[in-house]
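Count residues from 1 along the sequence.
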Amino acid sequence: MRTQHLRLHHLLLTLFLFAAALSLASSAADEASAPVPDDGDTEFIRSSCNTTLYPDVCFTSLSRYANAVQQNPGQLARVAIGVSLSKAHRVASYISNLTRDADYGTSGTRAAMAVHDCFSNLGDAVDEIRGSLKQMRQIGAAGEGSGSFLFQMSNVQTWMSAALTDEETCTDGFQDVAECAVKADVCNRVTNVKKFTSNALALVNSYASKGSP
């Protein structure tokens, strides 16, 4: 019964991730078509990224969207969330394929369970980041009052924080797993994803601190 439940959960989560990928790819294509930005837009992103824990990762991943951001902190936060969603989805898809690999069983039962749990945690993280991105796109739609803005941003902060926690839970689940290729591979990939989520959360917090859109 547990095996059937895991397989059903695996299938539903895989279908959800595929749908999320299609939506994200469409948004990314629109942003990628923007013309080359000016130096002011690029420097705005550089200075904003300096407030994050991983400024180099932040600037490298976001500078290509400088023209779309145009020194708008809200837009920068939205793009950062979109990038973190893309990274999380990609790793979740990779782990989904890993759990179906013919050689996967050679890594041991404990490692297998850790990977399955990680896949579930990343699925939750993808869902939460996607919810954050949707909320960011609705900022201001409920009115221009600061109360509405702060309420909406509180939701974004909560979901992004939860996503980061889920990603950390994934890597924490490997603490009791013996060193092996699967453990190193998955933990390295998820650790990288955490950097993008952490940076996005920092930019969200910076935008929220302004108190209004």
Side-chain angles (χ1 to χ4, degrees), residues 13 16-17 19-34 37-38 40-55 57-59 61-89 92 121-169 193-213:
L13 193 52
F16 168 77
L17 291 173
L22 292 178
S23 175
L24 184 61
S26 177
S27 297
D30 292 340
E31 291 173 339
S33 63
D38 61 33
D41 295 338
T42 301
E43 285 307 310
F44 168 74
I45 291 181
R46 187 186 302 278
S47 63
S48 298
C49 283
N50 284 337
T51 66
T52 69
L53 289 179
Y54 311 98
V57 172
C58 177
F59 180 74
S61 63
L62 300 180
S63 58
R64 70 190 66 180
Y65 303 107
N67 188 76
V69 171
Q70 294 186 340
Q71 304 184 42
N72 184 319
Q75 182 71 349
L76 179 60
R78 189 189 73 80
V79 171
I81 293 173
V83 170
S84 68
L85 175 58
S86 175
K87 299 296 183 180
H89 168 263
N121 288 325
L122 281 188
D124 291 340
V126 167
D127 192 16
E128 288 151 355
I129 298 172
R130 194 161 181 254
S132 297
L133 185 58
K134 180 179 179 180
Q135 183 74 86
M136 282 294 294
R137 288 170 173 166
Q138 296 174 345
I139 293 296
E144 296 299 325
S146 60
S148 174
F149 172 77
L150 293 177
F151 174 75
Q152 291 172 318
M153 288 307 301
S154 175
N155 289 336
V156 176
Q157 291 171 300
T158 297
W159 288 328
M160 290 303 294
S161 294
L164 185 58
T165 297
D166 282 323
E167 292 162 3
E168 291 174 343
T169 299
V193 169
K194 288 193 290 185
K195 294 179 181 179
F196 290 93
T197 304
S198 171
N199 285 343
L201 177 58
L203 295 175
V204 163
N205 289 339
S206 177
Y207 179 48
S209 69
K210 298 182 183 302
S212 63

How long is the straight-line distance from [atom2] of [Y] back to [atom1] of [X], given to the nearest 0.5 Å?
X	Y	atom1	atom2	answer
Thr165	Asp124	OG1	CG	11.5 Å
Leu85	Asp127	CG	CG	10.0 Å
Ser63	Phe44	OG	CZ	13.5 Å
Leu133	Glu128	CG	CD	14.0 Å

* Audit row: Ile81, Val156, side-chain contact (heavy atoms from CB on, under 4.5 Å) steps and yes/no -> CA-CA 10 Å; Ile81 293 173; Val156 176; 4.0 Å; yes
* What pairs of residues pass the side-chain hydrogen bond (donor to acceptor under 3.5 Å, both in side chains) test when at least one of them lies in residues 194-208, not counting sequence neighbours? ->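 side-chain hydrogen bond (donor to acceptor under 3.5 Å, both in side chains) check on residues 194-208 returns Thr52-Asn199, Gln157-Asn205, Glu167-Thr197, Thr171-Lys194.
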Non-hydrogen atoms of [X] and [Y] that approach each other most closely:
X	Y	value
Lys210	Pro73	CE-CG, 3.5 Å
Met160	Ala200	CE-CB, 3.7 Å
Asp41	Gln71	OD1-NE2, 3.3 Å
Ile45	Ala66	CD1-CA, 3.5 Å
Ala125	Asp166	N-OD2, 4.0 Å
Ser84	Ile129	OG-CG2, 3.6 Å

* Asked: For Lys134, which of Arg130, Gln138, Arg137 qualifies under side-chain contact (heavy atoms from CB on, under 4.5 Å)?
  ->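 One option only clears the test, and that one is Gln138.
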* Asked: So do Leu76 and Tyr65 actually touch side chain to side chain, heavy atoms under 4.5 Å?
  ->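 No. Closest side-chain heavy atoms not under 4.5 Å.
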* Asked: Less than 4.5 Å apart, any side-chain heavy atom of Val79 and any of Val69?
  ->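 Yes, their side chains come closer than 4.5 Å.
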* To do: Any chance you could lay out the side-chain contact (heavy atoms from CB on, under 4.5 Å) test for Ser48 and Leu62, step after step, and finish with the verdict?
  => CA-CA 10 Å; Ser48 298; Leu62 300 180; over 6 Å; no
* **Asn155: partners by side-chain contact (heavy atoms from CB on, under 4.5 Å), with sequence neighbours left out** =>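 Scan of Asn155 (side-chain contact (heavy atoms from CB on, under 4.5 Å), adjacent residues dropped) gives Gln135, Phe151, Trp159.
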* Pair Thr42-Phe59, side-chain contact (heavy atoms from CB on, under 4.5 Å): steps then yes or no -> CA-CA 9 Å; Thr42 301; Phe59 180 74; 3.6 Å; yes
* **Thr51 side chain vs Ser47 backbone, donor-acceptor pair below 3.5 Å** =>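 Not confirmed, Thr51 side chain does not pair with Ser47 backbone.
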* For the pair Ser154 (side chain) and Leu150 (backbone), establish whether a donor and an acceptor sit closer than 3.5 Å, ignoring hydrogens and angles. =>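 Such a contact is absent between Ser154 side chain and Leu150 backbone.
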